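Just so it is clear, the model here is predicted, and its values are computed rather than measured. In the text below, chain A, chain B and the rest are named by the order of the sequence lines, each starting its count at 1. For the numbers below, each heavy atom of this structure counts, side chains included, while hydrogens, waters and symmetry mates do not.
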There are 4 protein chains.
Amino acid sequence: MTSRQVLRSEETKKSILAAASELFSNRGYDAVTMRDIARLAGCSHTTIYIYFKDKEDLLHQLSMPPVQYLIGKIEEIMIQSLLPDDKLKKMSLMIIEFCLTNRSLYGVFINTKSERVDEKNPKLEINLARNQLFEKLTLIIQECLENRLRDEQLLMYTRIYFFTLYGIIATYAPSEETVKQLMDRLTPTFEASFDVMLSGLRKRADEAS
Amino acid sequence: MTSRQVLRSEETKKSILAAASELFSNRGYDAVTMRDIARLAGCSHTTIYIYFKDKEDLLHQLSMPPVQYLIGKIEEIMIQSLLPDDKLKKMSLMIIEFCLTNRSLYGVFINTKSERVDEKNPKLEINLARNQLFEKLTLIIQECLENRLRDEQLLMYTRIYFFTLYGIIATYAPSEETVKQLMDRLTPTFEASFDVMLSGLRKRADEAS
Amino acid sequence: MTSRQVLRSEETKKSILAAASELFSNRGYDAVTMRDIARLAGCSHTTIYIYFKDKEDLLHQLSMPPVQYLIGKIEEIMIQSLLPDDKLKKMSLMIIEFCLTNRSLYGVFINTKSERVDEKNPKLEINLARNQLFEKLTLIIQECLENRLRDEQLLMYTRIYFFTLYGIIATYAPSEETVKQLMDRLTPTFEASFDVMLSGLRKRADEAS
Amino acid sequence: MTSRQVLRSEETKKSILAAASELFSNRGYDAVTMRDIARLAGCSHTTIYIYFKDKEDLLHQLSMPPVQYLIGKIEEIMIQSLLPDDKLKKMSLMIIEFCLTNRSLYGVFINTKSERVDEKNPKLEINLARNQLFEKLTLIIQECLENRLRDEQLLMYTRIYFFTLYGIIATYAPSEETVKQLMDRLTPTFEASFDVMLSGLRKRADEAS
DNA sequence: TATGAATGAGAGTTCATTCAT
DNA sequence: GATGAATGAACTCTCATTCAT
């Protein structure tokens, strides 16, 4: 195989992934057909089967890279010199935007039959990523609350914060508005949510100590 | 029509509803076929069409009664002589328990393509019910915050509270634990969540006024 | 069986026939369901099977009486003291109106796989009736042309006249207008058609003799 | 795509069209199922959907080409140097032969729920074709009657002529004889019909002027 | 590598008909 | 005699997937 061929082959695979990503996001996994993907990718639907075992495999291969990207971004925020509260807000908005951007995938990302959001020992790679994210969230929340929390408290608080975050995502994921529309319209509401959470958590932490 | 026939007819309908409920819960509406339901209900798939116009009608008939029941229960709480905070907590726990009990339907209940959770003018009866619930929530939150809120503030605060509630539900709905197990294990966490939310909302309301 | 029961039984059968007749006429045999018929007849769909072997049997039992009625009417006209031309016109209009009234049945009436419209030796009773009609038509046409025609000529002329008649019926049978609307609107056209045909036939008969 | 593939594809499509044509002709559109067609065509029923959007599309693709062919032939006749009467006869015979050749489709061609045979503003392409034919008929009839007719007269006369033509077609379409047999046996009758019509129309036109 | 052709399984739904009462 | 309950066969159409080139 010449390097030209390799190149072309890789391009085809990329275009399939791009097409699938867009379609899954906009219409949901079930509503998208292999032919839809092929049409948008500019190839035959049979070509998809050269690169991917089946439709599900396509979904799986599709879900990892964006998550990795998100984690990278989150790590960048972690080392920025910002107030903890601002870090948490920035990170939260980023997670929301990410999940709404990858709407159909957010389900895969957040929800793959994991009994508890804090569960270690994940079965799928995707759970690994989710847990990484949960850890980062824990870290920042600890920072925000000035590291006064015991482990079990911290876990609970992170869970509580996570509920709200997940609630936001789950509320707007089925919407048919674009991510931009949603974020433009709702960012103030989201930020208010974070404020409320942080205030509440602080109050409780103060009372507990 | 003899009473025996009536009885048999009612039993068939019930068994169809039971089968549909179970299957929708476990696999989701789309993934379940009419033939699946019939098989589990122990009848021919055509029999379903005697009792239900189509698949969607089955879903609707399935989802309305429990929701009506919930609303009744909530209304009972509303008129009890309790502290506003306790009413809100009781009501919240009840909604969570209800949604986890009717797992597959909670999606229908909360999520039927409604652009906004606060939207008026609903197209389906199910939306009506959801909006009723949202209104009750609004009322109690206003009470909790001593009626100091302007409308737009109140709306935002209710939404924020709703996010957390929905987040809890969405987090544990996919779990395979029984409702009882989940409630026993997590009620303290849920109550902590409500506390945190209320504290946070109060703080913000104080600052705003 | 008491006479009261017999009476009631006959009424049920009649109401089924009436309902079927109306529905077949308006919507066509295939588009009508047994339940449609039962609903209009005011009985259960299973009751139909007491009186009729199946749907087709219903159609057959349905098609004979109106045809008999038509033939009776035609015979009345035959013995009236009218000019032959007027008889022919009256009879023609009557046939058209009849066929449009019994739209779905006219097909059965005129068209049951009969190779030739003049064929003797019919397989079905319905063909018998049609042939009777054809004979009457032949008689009047002979009258109109002053009995000058030889048999083979007469046959051809009747056929030709029949084509026009049948063409009219076949043209307007699929229409969704009511019979009354059609007859009101088109009677002049129909009468002109008869005139044209008669003139033409006379001219040709004159030349031949 | 290799030429072998193209060839095979075309053959499949042809075999589907052939099968559909035969079945529609013999049993009528509604009574034929996609699986019937597939069985006769020697392919899977899903294959049909590769070449045709749905059942109706199949019917349409089936009916258009022959109609176009007929119109072409008619136009050829229009410009030949023949006596008007001979043109009309030739054209009429051609239409009859065409309709009998495409028996099942003649219904589609002539009868697609068109309120009036002279209606302008057609919804389907097939109606367009039929109207074209009606216009040509009108033109020649005007010629035959030496252009003496007013529009409304001409319209009525064309309709009358059309009735006869349609009556002939409708009479012999259900026959199981071959087209050749029918034409051989009946052409004299058909020609006599045209003569009668023309004589009659002329007589009436004379009297009216 | 890539693709058009082709398919089997299966979806929701309808309907004439039979069964049990 | 009459009916509600129930069903099997069949309908059109879709889709993920495989085959042959």
Side-chain angles (χ1 to χ4, degrees), chain A residues 1-2 5-6 8-9 12-13 30-38 43-56 58, chain B residues 1-13 30-38 42-56 58, chain C residues 1-2 5-6 8-9 12-13 30-38 43-56 58, chain D residues 1-13 30-38 42-56 58:
Chain A
M1 193 161 62
T2 70
Q5 275 178 321
V6 172
R8 198 177 152 211
S9 168
T12 304
K13 185 169 183 180
D30 280 331
V32 173
T33 74
M34 295 300 261
R35 281 180 154 82
D36 289 338
I37 297 167
C43 69
S44 163
H45 59 283
T46 52
T47 303
I48 301 176
Y49 289 91
I50 298 169
Y51 297 100
F52 307 91
K53 193 185 152 294
D54 53 23
K55 199 181 173 187
E56 217 175 315
L58 182 50
Chain B
M1 196 160 58
T2 70
S3 71
R4 243 187 104 72
Q5 272 180 322
V6 172
L7 213 71
R8 190 170 167 210
S9 166
E10 272 170 14
E11 261 173 36
T12 304
K13 184 168 185 181
D30 280 331
V32 172
T33 77
M34 295 302 261
R35 282 170 166 88
D36 289 338
I37 296 167
C43 68
S44 161
H45 63 281
T46 56
T47 302
I48 300 177
Y49 289 92
I50 297 173
Y51 299 98
F52 306 92
K53 197 186 149 294
D54 54 22
K55 200 182 172 188
E56 217 175 316
L58 181 49
Chain C
M1 195 162 62
T2 69
Q5 275 178 321
V6 171
R8 195 173 156 217
S9 167
T12 304
K13 184 169 182 180
D30 280 330
V32 173
T33 75
M34 295 300 261
R35 280 178 154 83
D36 290 337
I37 297 167
C43 70
S44 162
H45 58 283
T46 53
T47 304
I48 301 176
Y49 289 90
I50 297 168
Y51 298 100
F52 306 91
K53 194 187 151 291
D54 54 22
K55 199 181 172 188
E56 216 175 318
L58 182 49
Chain D
M1 196 160 60
T2 68
S3 72
R4 245 187 102 72
Q5 273 180 321
V6 172
L7 212 70
R8 191 173 165 203
S9 166
E10 272 171 14
E11 260 172 36
T12 303
K13 184 167 185 181
D30 280 331
V32 172
T33 76
M34 296 301 261
R35 279 171 162 87
D36 288 339
I37 297 167
C43 68
S44 162
H45 64 281
T46 54
T47 302
I48 301 176
Y49 290 92
I50 298 172
Y51 298 98
F52 306 92
K53 195 185 150 294
D54 53 24
K55 200 182 173 186
E56 215 175 317
L58 181 50

Review point. Given atom CG of D/Leu58 and atom P of F/dT12, what is their separation to the nearest angstrom?
Key: 11 Å
Exercise for review: Would you mind reading off the distance between B/Ile50 atom CD1 and E/dC19 atom P, rounded to a whole angstrom?
Suggested key: 16 Å
Point to revise | Shortest side-chain distance from A/Asp54, nucleotide among F/dT17, E/dT13, E/dG10 | key: F/dT17
Review point. Is D/Phe52 touching bases, backbone alone, or none of the nucleic acid, heavy atoms closer than 4.0 Å?
Key: nothing
Practice item. Remember a base hit wins even if backbone is also touched, and classify D/Thr33 as base, sugar-phosphate or nothing at under 4.0 Å, heavy atoms. Key: sugar-phosphate
Practice item. Write down the distance between CE (B/Met34) and C1' (F/dT7), rounded to a whole number of angstrom. Key: 15 Å
Exercise for review: Looking at every strand, decide which applies to B/Thr46 at a 4.0 Å heavy-atom threshold: base, sugar-phosphate, or nothing.
Suggested key: base
Check your understanding: Taking atom types as they are modelled, is there a donor-acceptor pair under 3.5 Å from the base of E/dT17 to the side chain of C/His45?
Key -> yes
**Study point:** 5' precedence on DNA chain F between A/Val32 and B/Ser44 (nearest-nucleotide basis)
**Key:** B/Ser44
Exercise for review: Report the distance from atom OH of C/Tyr51 to atom C1' of E/dT17, rounded to the nearest whole Å.
Suggested key: 18 Å
Practice item. First locate atom NZ of B/Lys13, then atom OG1 of B/Thr47, and finally report the distance between them rounded to the nearest 0.5 Å. Key: 13.5 Å
**Study point:** 5′-ward residue of the pair B/Lys55/A/Cys43 relative to DNA chain E
**Key:** A/Cys43
Check your understanding: C/Glu56 CD to E/dA16 C1': how many Å, rounded?
Key -> 12 Å
Point to revise | Nucleotide forming a Watson-Crick or wobble pair with F/dT17, both distances under 3.5 Å | key: E/dA6
Point to revise | Distance, rounded to the nearest Å, where A/Ile48 contributes CD1 and F/dA16 contributes P | key: 9 Å
Review point. Hey, does the side chain of C/Lys55 reach the backbone of C/Val32 with a donor-acceptor pair shorter than 3.5 angstrom?
Key: yes
Practice item. Give the rounded distance in Å between these two atoms: CD of D/Glu11 and P of E/dA5. Key: 13 Å
Practice item. Looking at every strand, decide which applies to D/Arg8 at a 4.0 Å heavy-atom threshold: base, sugar-phosphate, or nothing. Key: sugar-phosphate
**Study point:** Spacing of CG belonging to A/Leu58 relative to NZ belonging to A/Lys53, to within rounding of 0.5 Å
**Key:** 12.5 Å
Study note, to complete from the structure: Rounded to whole Å, the CZ-P distance (A/Arg35 to E/dT7) equals 13 Å
Review point. In Å, rounded to the nearest 0.5 Å, how long is the span from NE2 of D/His45 to CE of D/Met34?
Key: 9.0 Å
Review point. For DNA chain E, whose closest nucleotide is more 5', that of D/Lys13 or that of C/Asp30?
Key: D/Lys13
